[in-house]
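Below, read A as the first sequence line, B as the second, and so on, with proteins coming before strands; counting in each chain starts at 1.
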Amino acid sequence: MKKIKGLFLLFIAFLFASLLPAVAHKSYSAENADNESQQVFSEGKEIFVKAGASPSRAYVNQQIIYSLKFYRKVPVKNASLERQVFEGFISEDMGTDKEYPVTVASDEYYVYEKNFVLFPTKAGEFKIPSTGITCDVLVRDEGNSGDFLNPFSSNLRGETHTFISNPVTVEVMEIPENGQPAGFNNMVGKYIIKAELSKNRINAGETTLLTITVSGKGNIKDVVLPLLPEITGVKVYEEQPVVTLFNSSSVYSGEKVFKKTLVSFKGGQIVIDPVRISFFDPEEGRYESAETKKIYAEIAGSLKAETENADTLQSQEGSHANAVRQIAFDILPIKTSLNSSMSYLIFPEIKKLMMLLIIPPVGYVFLLVWQRRRRRYREDIRFTRSAKALARAMRTLKDAEERLSKGAVMESCEITLRGVKGYFGDKFCVEGEALTGKELCEVLSGANIEEEKKDEVKEIIYDLEQMIFASNAVSEEKAKKIIGIARTSINDCEKLL
Amino acid sequence: MTKVILKIFWFFFLVIISFESSAEVKEKPESIFLEANSLYAAGKYEQALNNYLKIAETGLKDENLFYNIGNSYFRLGRTGLAILYYEKSIILNPRDQDVAANLQYAKKIIVDKIDERGSGRLLKTLFLHDVLSLRELVFLFLSLYLFFWALLIIRIKYKNVWIGRTALSCFLLLLFCAASLGSIYWSKNIYERAVITDKEANVRSGNDVNSVTLFKLHEGSEVFVLDKNGSWAKIELDDGKKGWIQKSSIKNISDNL
């Protein structure tokens with residue numbers, strides 16, 4: 001009931017705080033804050049802070065729980081804790097913060113409790129200094145009664161105060177040296193240890209997991225296991241230990257789990273001797289020890305190994321030879337030479353090589369086209385003659401020009417006429433050189449050539465025949481001009497035919 | 001016709017020779033390798049390693065060199081880097097049993113045990129990832145490719161049924177090789193693998209130091225790199241766990257291969 005009442009009070013306070021339009025800031029120096037808070041909020045008043053350590057007398061490495069309790073019976077907001085310094089201790093926030101209502105001298109308070117675990121690192125008397133909690137205390141604003149009809153108006157305002165805890169003195173004693181067992185690892189507290197194997201019967205070559213768990217009250221994170229005694233026929237692979245904490249507000253406790261993978265490479269029975277840990281029990285004031293039970297496991301020879309053994313025995317009847325057992329593992333030796341076959345060929349070069357992949361298909365297409373063209377040349381006379389007509393005509397005209405340059409005008413004209421007739425004869429697949437001028441004109445009339453071009457050709461033929469048959473019309477200049485016109489005409493006709 | 005075909009073959013031969021000869025001008029590393037082997041045999045692993053790394057810096061991609069570097073790192077207690085170089089070596093020659101044995105042994109002694117999901121196993125088996133290296137596949141592909149086109153070119157001149165059938169078989173093999181190459185490239189680009197080389201590395205929920213540490217990884221663990229952002233890399237373990245890790249804590253297996 002009290003708890004519900006307290007929570008209700010806190011809820012109302014935070015509701016008011018959230019509706020508060022502005023918070024008045026009032027800060028204190030450490031000394032002033034101390035004095036003023038002691039005057040205004042001393043014990044039995046509205047707000048105070050109490051610090052305590054349990055136990056206040058401890059051994060080195062023994063856990064001490066340092067508690068900070070923030071009592072209040074008026075609403076506060078924006079509380080923050082100063083960074084606490086624990087000189088001479090290893091400290092850790094236990095993460096067990098809690099809030100609860102409590103009654104002090106018939107007054108009801110709401111308490112926020114924060115705990116730290118401390119592990120003293122050396123002997124002596126240590127004073128844990130005060131720490132401060134700063135927060136906004138919500139107080140009634142006398143000058144502003146607020147608007148009663150407006151549900152969002154408020155007559156509360158925030159005042160910032162710092163509340164200082166009391167210093168705490170802790171006496172730390174050395175761990176007694178009398179009776180200290182060998183291999184003691186400064187473990188202080190109360191611990192138990194247990195071990196188990198995941199599988200107690202395995203085949204040679206298989207693995208089993210050995211789990212050793214140390215649990216108890218004390219600095220569990222610092223627990224160190226002694227080295228596992230060597231187990232014959234087994235290779236041990238360690239894993240990283242895992243710590244799990246089971247903290248409460250008054251005790252720092254947990255467990256640390258060590259896992260070891262055991263790989264057997266030999267048949268038979270293996271024995272894992274007890275693992276012993278020693279610790280100092282501060283409550284009893286004496287050294288204690290805990291140990292695991294002895295663990296046995298059966299390693300059976302693998303099926304393959306058994307078969308091999310049987311084969312070996314059969315082949316060596318009467319002999320007492322033993323099968324070879326692997327007793328250790330190691331990496332294989334280094335290589336004695338480089339494998340240089342393709343070592344230098346790196347991928348950028350391969351990528352360049354890949355770019356050349358286009359060449360074979362292009363070559364194939366080229367060859368295919370070339371082959372087909374060749375076949376057509378061979379099989380289609382009309383096509384062959386037509387395709388070669390121009391080259392042949394040009395050759396003839398060149399020959400005519402050469403003759404002309406040597407002064408053989410008549411011969412040159414004859415060759416030119418033969419060339420022109422031959423060209424059109426090839427193009428239309430007729431015996432061109434045998435055509436008369438008139439016949440050639442008839443052939444041309446059926447061709448897809450402009451009339452102007454036909455007339456030009458007819459004129460060339462006419463001029464050439466005139467020069468050949470009427471010897472008075474022969475002139476070197478005229479012959480040269482006709483050869484030029486014939487060349488141009490043939491070139492023009494080639495584009496059309 | 002025959003002359004043209006011969007000219008094409010000569011052209012390819014000369015192209016390949018020019019690639020090989022351009023590579024041969026690089027420094028011959030055999031003597032350094034032998035010296036490193038002697039140092040290794042004498043137990044001077046640090047010096048042997050330096051010599052091996054000197055050869056690697058020349059750009060030589062040799063499975064035996066990477067294997068020896070892995071062995072040197074292993075002897076020096078750097079299991080993570082040893083695993084990295086064994087993995088590099090096995091990429092170059094997946095059939096090397098020595099590398100596989102040493103890699104398996106090195107993986108046994110690392111701290112993290114990660115359950116394998118077996119993803120990509122079928123792909124690897126189907127496309128011969130464990131049988132042929134990428135380089136070998138490329139060369140097989142190129143050889144088949146040239147052979148296939150040579151057969152087609154010969155078939156222009158000589159119409160023979162057997163040439164046609166051989167060309168068809170060659171084409172099918174070529175398709176398989178192309179698929180294998182594609183799958184290797186795909187797995188290389190999609191599943192970039194890396195090894196943890198720091199003793200311990202935090203894997204966080206985000207790519208900043210303030211993010212929550214999801215889990216810790218230790219030297220030698222292999223991860224898949226999913227993404228990179230500044231000095232951080234998003235990784236995934238074989239068991240499906242994901243998180244961000246500092247890039248300096250990992251080394252990519254396929255780097256410089």
Side-chain angles (χ1 to χ4, degrees), chain A residues 198 205-207 209 235-243 258-263 265 326 328-375, chain B residues 1 4-5 8 11-12 15-16 19-20 22-24 26 29-30 33-34 37 40-41 48 55 59-65 67-68 70-72 74-75 82 92-93 98 101-102 105-106 108-109 111-113 134-136 138-139 142 145-146 148-150 152-153 156-157 200 216 218 256-257:
Chain A
S198 61
E206 287 181 354
T207 60
L209 189 70
K235 182 91 182 172
V236 181
Y237 299 104
E238 305 264 352
E239 291 185 18
Q240 280 288 105
V242 178
V243 174
F258 300 82
K259 288 188 174 176
K260 295 161 194 290
T261 304
L262 311 185
V263 184
F265 51 85
Q326 179 102 31
F329 290 90
D330 195 11
I331 54 169
L332 298 170
I334 53 169
K335 307 271 185 183
T336 52
S337 65
L338 291 169
N339 179 14
S340 56
S341 57
M342 283 193 281
S343 302
Y344 277 116
L345 200 71
I346 55 174
F347 267 89
E349 286 169 348
I350 289 175
K351 281 174 188 166
K352 278 184 215 167
L353 212 58
M354 287 286 197
M355 285 164 69
L356 299 173
L357 294 184
I358 192 73
I359 293 169
V362 169
Y364 173 73
V365 171
F366 169 76
L367 284 172
L368 204 63
V369 171
W370 181 71
Q371 171 77 2
R372 285 191 180 170
R373 200 172 169 80
R374 254 175 71 90
R375 193 185 301 148
Chain B
M1 175 69 185
V4 175
I5 294 167
I8 290 169
F11 174 75
F12 274 98
V15 166
I16 292 168
F19 276 111
E20 288 293 321
S22 66
E24 275 176 16
K26 291 175 185 172
E30 280 79 7
F33 188 79
L34 292 175
N37 286 357
Y40 185 95
I55 303 169
L60 183 73
K61 315 293 168 199
D62 187 282
E63 57 262 38
N64 289 357
L65 174 69
Y67 170 84
N68 285 9
N71 269 16
S72 304
F74 188 89
R75 291 289 184 222
L92 295 179
N93 185 4
D98 289 1
N102 282 9
Y105 182 69
K108 268 185 185 172
I109 63 167
V111 176
D112 302 318
K113 303 289 172 208
L134 187 54
R135 284 195 305 209
E136 287 165 339
V138 166
F139 272 84
L142 284 177
Y145 187 80
L146 290 178
F148 170 71
W149 285 108
L152 287 191
I153 289 168
I156 293 173
K157 177 80 177 168
E200 186 179 272
K216 286 176 185 289
H218 299 86
N256 303 323
L257 277 185

Please identify each residue that fulfils side chain to side chain donor-acceptor pair (under 3.5 Å) with A:Ser337, with sequence neighbours left out.
none
Quick one: pull up CZ in A:Arg372 and CG in A:Leu367 and give me the separation to the nearest 0.5 Å.
12.5 Å
Portion of B:Leu34 that has a non-hydrogen atom of chain A nearer than 4.5 angstrom
side chain
Specify which of B:Glu200, B:Lys216, B:Arg75 makes the most heavy-atom pairs with chain A at under 4.5 Å.
B:Arg75
B:Asn71 side chain to A:Leu332 main-chain N or O, any donor-acceptor pair under 3.5 Å?
yes
List the residues meeting ring-ring contact (aromatic ring centres under 6.0 Å, His included) with B:Phe148, not counting sequence neighbours, and say none if there are none.
B:Phe171
Pick one of side chain, backbone, both or neither for B:Lys108, based on which atoms fall under 4.5 Å of a heavy atom in chain A.
both
